[in-house]
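Okay, structure first, notes after.
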Amino acid sequence: MEPDLKRIFSLFRAEGTFLEGKSFGPGHIHDTFRIITAEKECDDYILQRLNSNVFRDIPSLQENMERVTGHLRDKIAAIPGSDVKRECLTLVPDRLTGKSFITDAEGRYWRMFVFISDHRSYEKVDSAHKAFEGGRITGRFQALLADLPGKPLSETIPDFHNIARRLETFHEVIRRDPAGRVASVRPEIEEITRREEEMKTIIRLGAEGKIPLRITHNDTKFNNILFDKNDRALLIIDLDTVMPGYVHYDFGDAIRTAANRTEEDSEDLSAVSMDIDIYRAYAEGFLSEARNTLNATETEYLPFAPKLLTYIMATRFLTDYIDGDNYYKIRYPLHNLQRVRVQLTLLRDMEAQYEDMVQIINNLIR
Ligand code: ADP
Ligand code: GN1
Ligand code: MG
């Protein structure tokens with residue numbers, strides 16, 4: 001049944017009259033709607049019905065979100081010339097309780113943000129300038145959250161980027177083969193399994209105490225960065241997975257998406273490759289903000305991060321395909337498998353360019 005957006009909107013402490021609500025954006029996880037208000041001077045809003053299959057504890061997730069947006073708001077407000085309303089997400093409270101979410105009659109959770117007007121977002125990146133800007137805003141995000149006070153953030157999805165755990169799940173679903181698809185994806189399974197040990201490098205360094213857990217975004221896919229009309233990066237959105245993690249997760253996922261010459265689900269595998277100029281520009285922007293917070297081992301392993309995140313996504317998409325497509329939204333039956341093939345193609349290309357990737361970071365930190 002279609003949700004009654006007008007009624008749900010009325011439960012939040014928003015300004016303006018509901019004019020229209022429609023599906024919005026490219027997200028794979030929540031149901032996202034843009035609410036347009038009747039008055040020109042009032043903001044529009046983003047209303048989201050949250051995916052509680054993916055996020056099992058929405059109250060804890062929203063508590064993270066309130067702490068993170070509150071901290072960012074205070075710090076950004078202190079930067080001369082900043083525009084807090086456009087450089088930070090604004091949660092709209094429930095009219096009755098003041099909480100940052102509501103539940104509907106079916107027990108589904110909803111939340112609302114002020115819509116960042118007149119923004120741009122990109123699935124792929126066609127200029128070094130946009131890449132630098134994306135890197136800068138993600139590096140700044142990391143630096144601004146380094147002094148978040150209080151207890152550690154909740155793990156909204158436990159072991160989200162823990163590749164050892166992801167691989168356990170992967171092998172478990174292969175054993176069950178619930179949709180009878182394993183026989184048709186043997187080459188892809190082999191590509192994953194032969195890289196398993198190499199891909200545990202980052203968690204191994206963490207366990208050895210060589211790299212620290214930080215507050216990371218964990219979903220720095222390029223379309224989660226919003227730009228203004230002059231292509232200056234405003235902010236990074238989609239804060240559901242902000243939680244303790246390694247810096248490599250943020251750098252890696254951004255390169256995976258920004259430096260790929262085509263979309264994550266491109267039908268044309270020959271178009272998939274990593275643009276090293278985009279990698280360089282993103283790294284430059286990222287390090288311009290984050291380099292002083294990183295230790296030598298963290299920077300040394302930055303070039304490895306894009307390979308890891310591309311591999312993690314290949315593993316997750318393939319797990320979901322074998323499982324019968326229960327996690328990611330798909331638009332056609334082989335959609336997840338196409339995503340797997342794109343990620344594996346991209347990974348092979350990163351491997352081919354790895355020496356250059358290392359050299360670029362070495363030059364930037366010299
Ligand atoms: P998902 O986890 O499903 O990707 P997001 O939180 O990223 O959900 O939101 C989905 C899309 O909605 C984004 O890609 C973006 O286009 C849009 N969006 C989300 N929040 C805002 C906002 N405050 N202002 C403008 N657009 C937004
Ligand atoms: C999901 O929410 P969205 O669409 O930005 C996923 C990410 C993946 C991405 C792949 C909570 O991100 O981990 O990298 O799809 N988010 C979650 O497109 O699983
Ligand atoms: Mg998103």
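Atoms within each ligand, like the ligands themselves, are counted from 1 in listed order. Heads up: numbering here begins at 1 and tracks the sequence.
Listed by atom number, the atoms of ligand 2 under 4.0 Å from D238 heavy atoms are 2 (O), 3 (P), 5 (O). Ligand-side atoms of ligand 2 in range of F55: 11 (C), range being under 4.0 angstrom from any heavy atom. Per-residue contacts place Y328 under 4.0 angstrom from the following atoms of ligand 2 (heavy atoms of the residue considered): 15 (O). The contact set between ligand 2 and R256, taken as ligand atoms under 4.0 Å from a residue heavy atom, comprises 10 (C), 14 (O). Here is the list of ligand 1 atoms found below 4.0 Å of a heavy atom in I29: 2 (O), 3 (O). Atom numbering of ligand 2 starts at 1 in the shown order; those under 4.0 Å from a heavy atom of Y327 are 11 (C), 17 (C), 19 (O).
Looking at atom 15 (C) of ligand 1, its nearest protein heavy atom turns out to be I237 CD1, 3.6 Å. Of the protein's heavy atoms, D238 OD2, 3.5 Å lies nearest to atom 1 (P) of ligand 1. The protein heavy-atom contact nearest to atom 14 (O) of ligand 1 is P26 CD, 3.2 Å. For atom 13 (O) of ligand 2, the closest non-hydrogen atom on the protein side is R316 NH1, 2.8 Å. Closest to atom 5 (P) of ligand 1, if we only count protein heavy atoms, is Q48 NE2, 3.5 Å. Distance from atom 12 (O) of ligand 1 to its nearest protein heavy atom, with residue and atom name: T32 CG2, 3.5 Å. In terms of protein heavy-atom proximity, atom 10 (C) of ligand 2 is nearest to E264 OE2, 3.4 Å. Given atom 15 (O) of ligand 2, the protein heavy atom at minimum distance is H28 CD2, 3.4 Å. The protein non-hydrogen atom at the shortest distance from atom 2 (O) of ligand 2 is I29 CG1, 3.1 Å. Protein heavy atom in closest approach to atom 9 (C) of ligand 2: K221 NZ, 3.6 Å. Nearest protein heavy-atom contact of atom 23 (N) of ligand 1 is V114 O, 3.1 Å. I116 N, 2.9 Å is the protein heavy atom nearest to atom 24 (N) of ligand 1.
Contacts with ligand 1 closer than 4.0 Å are made by side-chain heavy atoms of H119 only, the backbone lying farther away. The proximity of L89 to ligand 1, defined as any non-hydrogen pair under 4.0 Å, is limited to the side chain. Looking at M313 against ligand 2, only its side chain comes within 4.0 Å, counting heavy atoms. Using a 4.0 Å cut-off between heavy atoms, N224 contacts ligand 1 through its side chain alone, with no backbone atom that close. By the criterion of a heavy-atom distance under 4.0 Å, the side chain of I46, and not its backbone, is placed next to ligand 1. No part of D240 comes within 4.0 Å of ligand 2, judged by heavy-atom distances.
Heavy atoms from other residues, nucleotides or ligands lying under 6.0 Å from CZ of R176 number more than 12. In this structure, E355 places its CD atom where only 12 or fewer heavy-atom neighbours from other residues, nucleotides or ligands lie under 6.0 Å away. Annotation: K329, atom NZ; neighbour count of heavy atoms from other residues, nucleotides and ligands within 6.0 Å is above 12.
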| request: Quick one: do T90 and R73 satisfy side-chain hydrogen bond (donor to acceptor under 3.5 Å, both in side chains)? Show the steps, please. | output: CA-CA 9 Å; T90 307; R73 174 169 307 279; 2.9 Å; yes

| query | Which is it for Y282 and D275 under the side-chain hydrogen bond (donor to acceptor under 3.5 Å, both in side chains) test, yes or no, and what are the steps along the way? | reply | CA-CA 11 Å; Y282 186 94; D275 184 335; over 6 Å; no

| How far apart are the C-alpha atoms of T319 and Y327, what are their side-chain angles, what is the distance that settles it, and do they pass the side-chain hydrogen bond (donor to acceptor under 3.5 Å, both in side chains) test? | CA-CA 10 Å; T319 302; Y327 189 93; over 6 Å; no

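Ring planes of F286 and F251: tilted class, angle from 30 to 60°.
Not one N, O or S atom of D219 sits under 2.8 Å from the Mg ion (ligand 3). Contact annotation: N223 places no N, O or S atom under 2.8 Å from the Mg ion (ligand 3).
H217 approaches T241 most closely through the heavy-atom pair O-OG1, 2.8 Å.
L47 and L226 fall into different hydrophobic clusters, defined by Ile, Leu, Val, Met, Phe, Trp and Tyr side-chain heavy atoms under 4.5 Å apart, directly or through other members.
The cationic group of K130 does not satisfy the cation-pi geometry with F227, failing either the under 6.0 Å distance to the six-membered ring centre or the 45° limit from the ring axis.
The OD2 atom of D238, the Mg ion (ligand 3) and the OD1 atom of N224 define an angle of 90° (nearest 10 degrees).
In summary, the aromatic rings of F24 and F115 are positioned with their centroids under 6.0 Å apart. A ring-centre distance under 6.0 Å is found for F55 and H30. A ring-centre distance under 6.0 Å is not found for F132 and H129.
Classification of R111 and E66 as a salt-bridged pair fails, no side-chain N sitting under 4.0 Å from a carboxylate O. With salt bridges taken as basic N to acidic carboxylate O contacts below 4.0 Å, one links E208 and K210.
Ligand 2 lies nowhere less than 4.0 angstrom from a heavy atom belonging to R339.
R261 and S273 share a donor-acceptor pair across their side chains, judged by distance under 3.5 Å alone.
Polar contact check, D219 against ligand 2: a nitrogen or oxygen pair lies under 3.5 Å apart. Every N/O-N/O distance between G25 and ligand 1 stays at or above 3.5 Å. Among the atoms of N223, none of the N or O lies under 3.5 angstrom from an N or O of ligand 2.
At least one donor-acceptor pair under 3.5 Å links the side chain of E39 to the backbone N or O of T17.
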